[in-house]
Amino acid sequence: PSSSVLELELIQPRLYDLIASSAPFEDTGVSKTWFEAWWLKARPIRSPIWIAASHGYHETVQAMLTECDTQATIGRGMAWGPDIARAWHTAVWRGHIDVVRCFGTLHSLNFRQMYDANHYTALWNAIRLQNNPLVQCLCEVKCDLSDGGHAAVGESPLHLAVRLGDAAI
C-alpha cells in the first residue's frame, strides 16, 4: 500500500494525513485501514507515475520520485510498490533513457534488481532488446550485471549478451 499512499499524496495532497490522523470519524465510519483497502480498489488503473514514465516525461517522473525520496527521508516509510515498479520497467521497455536516469537518483528505493511481471530484471530486458545506450545507462545507475531474474534461470545479463552475440554490450 505504500506506493498507493504515494499516488494518493500526489493526486490529493494531505488527504492521507487527514485519514491517518487521530481525528475521530464517528460520523463517517472511515478508518485508515478501510481507506487503504478502498484506495487499492478505487485508484486509477494507470498511476500518474506510470503515465509519465511511459510517455518519457522525465521532469514529471523526477518530481514524483523526488517527493518519494523526501517522504522516505522524513520517515514516512515509502517502499517499493507495484506502480513504481511498473513505471520503472515501462521506461526501460520503451527506451526512455532520461526517465531511467531519474530512477538512478533515488536513495531510498532499491529498484535496480526488482523483477518485472515476467520475473526478469530491467538490465536483462534491455540486453534482450539489444538497446546499447539503455544498457549503458542501466550500468551507470548500478544495476547488477549478474542477476537476470527468476525467469532467466541462472542466465545473467552478461550471459545473455554473449548468447545474443552482441559485441557492443
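Note that the structure is predicted; figures quoted are calculated from it, not measured.
Leu160 CG to Trp124 CH2: the interatomic distance, rounded to the nearest 0.5 Å, is 5.0 Å. A distance of 8.0 Å separates OG1 in Thr121 from CD1 in Ile127, rounded to the nearest 0.5 Å. Put simply, CG on Leu123 and NZ on Lys142 are 13.5 Å apart, with the number rounded to the nearest 0.5 Å. Rounded to the nearest 0.5 angstrom, Leu65 CG and Ile49 CD1 are separated by 4.0 Å.
Inter-residue side-chain proximity for Leu145 and Ser156 is flagged as unmet; no heavy-atom pair is nearer than 4.5 Å. With contacts defined as side-chain heavy-atom distances shorter than 4.5 Å, the pair Leu134/Leu138 qualifies. Proximity of Phe103 to Val61: side-chain heavy atoms (C-beta onward) are separated by under 4.5 Å at one or more points.
Gly104 approaches Val141 most closely through the heavy-atom pair CA-CG1, 3.5 Å. Looking at every heavy atom in both residues, Val100 comes nearest to Cys137 through CG1-SG, 3.7 Å. Contact between Ala87 and Ala53 at its shortest, heavy atoms only, is O-CB, 3.5 Å.
Listed by first then second residue, pairs satisfying salt bridge (Lys or Arg N to Asp or Glu O under 4.0 Å) with a partner in residues 148-158 read Glu155-Arg163, not counting sequence neighbours. Applying the salt bridge (Lys or Arg N to Asp or Glu O under 4.0 Å) test to pairs two or more places apart or on separate chains, none has a residue in residues 47-57. Sorted by first and then second residue, the pairs that involve residues 130-140 and meet salt bridge (Lys or Arg N to Asp or Glu O under 4.0 Å), not counting sequence neighbours, are Arg101-Glu140.
Partners of Glu59 by salt bridge (charged side-chain N to carboxylate O under 4.0 Å, His left out), not counting sequence neighbours: none found. With sequence neighbours left out, His55 forms a ring-ring contact (aromatic ring centres under 6.0 Å, His included) with Tyr57.
Residues Leu129 and Tyr120 are members of separate hydrophobic clusters, defined by side-chain heavy-atom contacts under 4.5 angstrom among Ile, Leu, Val, Met, Phe, Trp and Tyr.
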Could you tabulate the donor-acceptor pairs under 3.5 Å formed by side-chain atoms of residues 91-99, not counting sequence neighbours?
unit_1 : atom_1 : unit_2 : atom_2 : d
Arg94  : NH1    : Ser54  : O      : 3.2
His96  : NE2    : Ser54  : O      : 3.0

